[in-house]
**Student:** 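Take this structure, written in structure tokens, and hold onto it; I'll ask about it next.
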Number of protein chains: 2
Amino acid sequence: MRMTPQRAAIDDLLDQTDDFRTAQQLHAMLAESGESIGLATVYRTLTALAEAGRVDVLRNDDGEALFRRCLQVEHHHHLVCRDCGRTVEIAADVVERWAARIARENGFVEVDHTAEIFGTCAQCAGARYRSHQHA
Amino acid sequence: MRMTPQRAAIDDLLDQTDDFRTAQQLHAMLAESGESIGLATVYRTLTALAEAGRVDVLRNDDGEALFRRCLQVEHHHHLVCRDCGRTVEIAADVVERWAARIARENGFVEVDHTAEIFGTCAQCAGARYRSHQHA
DNA sequence: TTATCTGCAAACATTTTGCAGCGAG
DNA sequence: CTCGCTGCAAAATGTTTGCAGATAA
């Protein structure tokens, strides 16, 4: 993959962004910081990075793709805040073993699995509680 | 929800179908069996059934929604064959406890989680193996 | 009767692609 | 110099919606 200003900008942005973001959000963030990069380029770059295993991809309930710099190289799962997007990476041997066992018991091979937890983080829950008190 | 011929046809089809299918696949299946039902109606009905908890919904890697009659009322997960769609419902206390613990440890509330296993079932794997032998 | 459902077509949102020109190596 | 990358706009896909007419209750 050739290094271009666009690719560098996307890379930098991903470095600065801790949470899962859609391609469109990342594109808008680039625009705000003065980098005028085509949406198609953002998609192409993210797709390439995902294939190279350099970013994590997951889907929200609406079926939109969410991207984020992959911190851990090994397989892992996520705990994501629905409100602010804050994300915690989780290593879960329990889940790995469970998936492997279930697959084996049912005669499935070439197995893969997804396991993500969505919730409201303490900070967002607190903010909501406080705003109710004021109302 | 009013009972209509369309709704009945979709209900019947779901009863006969064990595997996860996209709305478009279900619509095509209805067309093949002579039921000419609008695609929009299929979507509207599936969405309503999903909201009522009468069907399970999950997303494939492309972000498409997959629907299937919900056999177990309680929360559960799925083991899905990538090739033929064959699906096994799985009760997984291990995963429930894992999700609850991780959320608690990180101060998250109102948590929800997804956990699905995708693989190739024994039958499809066997078919592929046999076809390789012939080639 | 009447509120709900249906079908159609148009609208939408996200993502992909064709193509001409630009630029990193 | 060359091949890959970019931007734009158009297309493809999956899904939703507006509306006028049909219909279950």
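What you are looking at is a predicted structure, and each value in this text was computed from that prediction instead of being measured. Letters go in sequence order (proteins before strands), and every chain restarts at 1.
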**Student:** Which one of A:Ile90, A:Thr87, A:Thr114 satisfies the side chain to side chain contact (heavy atoms under 4.5 Å, CB included) criterion with A:His78?
**Tutor:** A:Thr87

**Student:** For the side chain of A:Thr41, counting heavy atoms from C-beta on, which of D:dT16, C:dG7, D:dG7 is nearest?
**Tutor:** D:dG7

**Student:** The side chain of B:Ile37 is closest to which nucleotide in this list: D:dT15, C:dT15, C:dG7?
**Tutor:** C:dG7

**Student:** Taking atom P of C:dT15 as reference, at what distance in whole Å does atom CG of A:Leu26 sit?
**Tutor:**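 Computing the A:Leu26:CG to C:dT15:P distance gives 11 Å.
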
**Student:** Would you tell me whether B:His77 and B:Glu89 have side-chain atoms, one donor and one acceptor, within less than 3.5 Å of each other?
**Tutor:** no

**Student:** In whole angstroms, how far is the P atom of C:dT14 from the CD atom of B:Glu64?
**Tutor:** 16 Å

**Student:** Round to the nearest Å and state the distance from A:Ile10 atom CD1 to D:dT6 atom C1'.
**Tutor:** 11 Å

**Student:** Take atom CZ of A:Arg7 and atom P of C:dC22, then tell me their distance rounded to the nearest Å.
**Tutor:**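 So the CZ-P distance, A:Arg7 to C:dC22, works out to 23 Å.
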
**Student:** Counting C-beta onward and ignoring hydrogens, is there a side-chain heavy-atom pair between B:Val42 and B:Ile10 closer than 4.5 Å?
**Tutor:**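 In contact.
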
**Student:** Please compare B:Thr4 and B:Arg44 by the position of their nearest nucleotide in DNA chain D and report the one closer to 5'.
**Tutor:** B:Arg44

**Student:** Nearest whole Å is fine: how far is C:dT6 P from B:Glu35 CD?
**Tutor:** 13 Å

**Student:** Check whether any side-chain N or O of B:Gln16 sits under 3.5 Å from a backbone N or O of B:Leu13 as a donor-acceptor pair, and report yes or no.
**Tutor:**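 Checked: no pair found.
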
**Student:** Looking at B:Tyr43, does any N or O in its side chain come under 4.0 Å of the phosphate oxygens OP1/OP2 on D:dT16?
**Tutor:** no

**Student:** Starting at atom CD of B:Gln6, determine the distance to atom C1' of D:dA24, rounded to an integer number of angstrom.
**Tutor:** 11 Å

**Student:** Provide, to the nearest angstrom, the distance between the CD atom belonging to A:Gln25 and the C1' atom belonging to C:dT14.
**Tutor:** 13 Å

**Student:** Taking atom P of C:dT6 as reference, at what distance in whole Å does atom CZ of B:Arg2 sit?
**Tutor:** 9 Å

**Student:** Starting at the 5' end of DNA chain D, which residue's closest nucleotide do you reach first, B:Ala40 or B:Met3?
**Tutor:** B:Ala40

**Student:** Taking the side chain of A:Leu39 as its heavy atoms from C-beta onward, which of C:dT6, C:dT15, C:dT14 lies nearest to it?
**Tutor:** C:dT15

**Student:** Any idea which heavy atoms bring B:Arg59 and A:Asp61 closest together, and the distance?
**Tutor:** NH2-O, 2.9 Å

